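Read through the structure below, which is laid out as structure tokens, and then see the notes.
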Amino acid sequence: MAMRWRRGYLRVVRSSFATVPFYRELWALSGRTEPEVVPGRTGVDGGAVRAAALAGRVGDLVPLAGGPTEIDPLRGLGPVLAEHLAVTAGTLVAVVDPGTPRPPVDLPAGVRSCVLDPSGLAGPYAGVLDDVTDHLRRGARVVAVGGDKDLDQLAAALPETLAHLVTRVPVRDPDDLAAPVGPHALIAHPLLGVLGGLGGCGRWHIDHPRVYLRATPAGPAYTLLRQRSPRLVDVLAGHGRPGWCPRHGTPVVEP
Amino acid sequence: MTLTAAIHDPRADPEPDGWADFTARCKLHAVWDYGLMRLEAWMSRNPAVLGVVRDGDRIAAAATVLICRPRRARYADAPTRRKARLRPRWAEVYTPWLSGYPAVVFDPDLTGEGRRAAVREFERAVLRHVGPGLLGIAYRAVYRDMVSSMTGPLRRTWRNDPTSVLPNEWPNEDGWLAGLSKERRTSIRRYARKIDRDPTLEVREGWGRTDTDPYEVAALINSHRARLGRPRTDPRTEVAGVFLAEFLRRPDVRLLTYRDADGTLLAVNTLLDHPTSTVLQHWAARPPAEGGRHNLYFDCYLRCVRHLVSAGRAELTSGRGLMDVKASLGFRARELHTVAVPRPSVGRR
């Protein structure tokens, strides 16, 4: 498992060096480690990049052959919900976030979704809130994803008899993994999307088929293994270090 | 005369001995700076290497060569990989971003038979560098008086689109304007007045500027090139921001920018100064449908001619393409040729 995960990462590094202007420039002229792509050049922070360094450079994250430039802050939500909450057809996923421009695109088949701005629940989003309420009345499952305060605002706007039926899935920034959470939670980053979730074992599991985590001198660096464009490789986010879950045998991030 | 040739890969090899002396002696443009060539090569699909022919210790000739491969959306492999030597490659003797000038430069003391010998020695060095996969060598943008150094059995020569040249024949810019048609003269003056008075347009020009984001400039140049459509045979890669970052801070490079009131970059031009042959190099503009302005192009030419005249340079060159428009601005055509050397003829007399 560990070797296969590592091989996927090495493929992404090689391909990014060969085709993506941002990484070509960074790693050819400065260098990187694990692996080195230009012998003898080790770069700064092992070749990892801070998210701030990518601001205004999204065009350079597109491979030479072309590709989309949109950043999806909800990328990876579907697979992580399916893995950690067994979200199935008939469930409604409500994303409660003032900054989310569009609904998630990678939910499992048959799962509906909607986006709610918590400040507009009594205004422009009242119709969407009615839809959520109807769903709960019918006894269907509603999974609400968002920040703690945003989820509280949603719960306050729902009828008291229904609010407790909502499955709350608070979102944590990689910086904030040490804070206490309930049974469900996600790790998400505005640039990288959803990186993993809280497992049944209480550890922060990485969405390892899609995300690689590596320790660098500047902290943990995340790589999206399946997003071709914009390519995000070794992006520094939050604190902690990579580890392995002794119960599941899969990668985790330890706060 | 004993000539020897070597290929220097700027990505891996140090600057050749005597290179600074040679560039000064031959008055080469800024793009021949070895540090810039290194940046350009790393960010290329077809990286440029430098061929150097020496007569004893002294550099007698030099050439920029793009080692090309069938078009793929990938940068070239790092120079340490040797396994690619059997793969098909061809060499284009071509200066990226200075397409109107030959990429072969001879020492002024080298003439006639010496030049022919230097070219053959250089070709043999290219063959050794690329390996058995070399399909041939193409010399692009060769001046007519240089063609004879490269021709021979099996070699083909043909004429390309010419480059445009404006000889400096006036004491001031009014002299240049007086030589244009009345319609063109009036329109250039009108555009200049309109741009000067437009409070929503910020025009800035300066040498060695560091106040502009080079990645923003690169993005505009690349989108402009993509919009015009690139020829299938163009061996160049997109302009890299890191290259421009180094290039624009040189004191002999002038950057001219046009921005609208909200700071959007509308058009950009780089002017490459030279003691005799100044180059109007990059021009890129946002199309009017995306907020661009009409006629900034002519204002740019007016500013470039202003420098040509005030600095007393011998000529201003403006590359290939749009020859009818450039002719209306007084530019003349300078003949350019291509010499194609198939593999069996490489290095042979």
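Each chain gets a letter, A, B and so on, in the order the sequences are listed, and its residues count up from 1. Because the structure is predicted, anything quoted here is derived from the model rather than measured.
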TODO: Look at atom CZ of B:R250 and say whether more than 12 heavy atoms of other residues, nucleotides or ligands are closer to it than 6.0 Å.
DONE: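 Yes, because the 6.0 Å sphere around CZ of B:R250 holds more than 12 heavy atoms from other groups.
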TODO: Tell me, yes or no, whether the heavy-atom count around B:R227 atom CZ, taken from other residues, nucleotides or ligands under 6.0 Å, exceeds 12.
DONE: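 Yes - once you tally the heavy atoms of other residues, nucleotides and ligands closer than 6.0 Å, there are more than 12.
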- [ ] Specify the closest pair of heavy atoms between B:R74 and A:A18, including all atoms of both residues, with the distance to one decimal.
- [x]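 Between these two residues, the closest heavy atoms are NH2-CB, 3.2 Å.
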- [ ] Identify the heavy atoms of A:L64 and B:A73 that sit nearest to each other, and give their distance.
- [x]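 It is CB-O, 3.8 Å.
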TODO: Mind checking the CG-CD spacing from A:L29 to B:E246? Nearest 0.5 Å is all I need.
DONE: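 One gets 10.0 Å once the value is rounded to the nearest 0.5 Å.
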Open item on the list: I need the B:Y215 OH to A:E25 CD distance, nearest 0.5 Å.
Closed with: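 Here the rounded value is 3.0 Å.
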- [ ] Using atom types as modelled and distance alone, determine if a side-chain donor or acceptor of A:R24 lies under 3.5 Å from a backbone N or O of B:W42.
- [x]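 Judged by distance alone, yes, a pair lies under 3.5 Å.
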Task: Engaged part of B:E238 at the chain A interface, taking heavy atoms whose separation is under 4.5 Å - done: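 The side chain, not the backbone.
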Open item on the list: Using heavy-atom distances under 4.5 Å, tell me whether B:R45 contacts chain A through its side chain, its backbone, both, or neither.
Closed with: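 For B:R45, the side chain is the part near chain A, not the backbone.
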Open item on the list: I need the residue from B:A240, B:A76, B:A219 with the largest number of non-hydrogen atom pairs under 4.5 Å to chain A.
Closed with: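 Maximum pair count with chain A is reached by B:A76.
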